[in-house]
Structures are given as C-alpha cells and as structure tokens.
Amino acid sequence: MEEKIKELTLLLLYLTSWKEDELPQEMRRSWKGYPFDILNELTDEDLIRGSIRSKSVYLTGDGIKKAEELMKKYFGENRNN
C-alpha cells in the first residue's frame with residue numbers, strides 16, 4: 001500500500017504541475033501539499049527536487065517520465081493529457 005501511495009502522490013504532483021520556461025531542462029513545478037515522508041522518498045529517488053523551505057517542488061526529467069508511466073498504469077494507454 002505504501003508504494004501505491006508514493007506512486008499516486010507523484011502522479012498528483014505531475015497532474016497539478018506547470019512548466020516553467022526559464023529552466024534549462026525539462027522540469028515541472030508543483031505545490032508540495034503532500035505528506036513530507038512521501039515527498040522525502042521521492043526526493044531520495046531524484047524524482048522531485050526542492051528546498052525544504054520552498055512551498056513547491058520540481059519534477060525532474062525522471063519524475064516526469066515515471067509520472068507518465070503511472071498515468072498509463074492507472075488510466076490506461078488512451079488517456080489524453
């Protein structure tokens with residue numbers, strides 16, 4: 001169950017994220033209103049990044065890729081973005 005909570009948290013971060021144009025690489029930003037222990041695990045896996053003091057996090061390229069895989073897993077192949 002803990003793994004599903006982590007997956008769904010990453011998916012929610014992705015679904016509520018926005019792209020910031022001034023970043024040098026593909027990253028998306030999202031508010032971090034989720035349990036800090038889950039956010040810490042996602043940070044440890046380098047799926048998200050952000051300061052402890054910040055109210056938002058960035059999804060890394062790997063985080064975006066993993067979130068897109070989770071969309072297929074939970075919503076199916078034909079889901080439109």
Separation between CD1 (I38) and CG (L12), nearest 0.5 Å, reads 12.0 Å
On a heavy-atom basis, the closest approach of K32 and S51 is NZ-O, 2.9 Å
Please determine whether residues W31 and F36 belong to a single hydrophobic cluster, defined as Ile, Leu, Val, Met, Phe, Trp and Tyr linked transitively by side-chain heavy-atom distances below 4.5 Å. no
Value for OG (S54) from CZ (R29), rounded to nearest 0.5 Å, stands at 5.0 Å
For I52, the other hydrophobic cluster members (4.5 Å side-chain criterion, sorted by chain and number) are none
So CG of L11 and CG of L8: to nearest 0.5 Å the spacing works out to 6.5 Å
Across all chains, not counting sequence neighbours, the salt bridge (Lys or Arg N to Asp or Glu O under 4.0 Å) partners of D46 are R49
Between the CG atom in D62 and the CD1 atom in I48, the distance rounded to the nearest 0.5 Å is 13.0 Å
Correct closest heavy-atom pair for L13 and S30 would be O-OG, 3.1 Å
In this structure, CD of E68 is separated from CG of L59 (nearest 0.5 Å) by 10.0 Å
Contacts of K65 meeting salt bridge (Lys or Arg N to Asp or Glu O under 4.0 Å) (sequence neighbours excluded), chain-then-number -> none
When every non-hydrogen atom of Y14 is compared with those of R28, the smallest separation belongs to CE1-CD, 3.9 Å
Report yes if the side chains of M71 and L15 come closer than 4.5 Å at any heavy-atom pair, otherwise no. yes
*Do K66 and E45 meet the salt-bridge criterion of a basic N to acidic O distance under 4.0 Å?*
no
Correct closest heavy-atom pair for K6 and L42 would be CG-CD2, 3.6 Å
Value for NZ (K72) from OH (Y74), rounded to nearest 0.5 Å, stands at 15.5 Å
(request) For the residue pair Y58 and I64, establish whether any side-chain heavy-atom pair is separated by less than 4.5 Å. (result) no
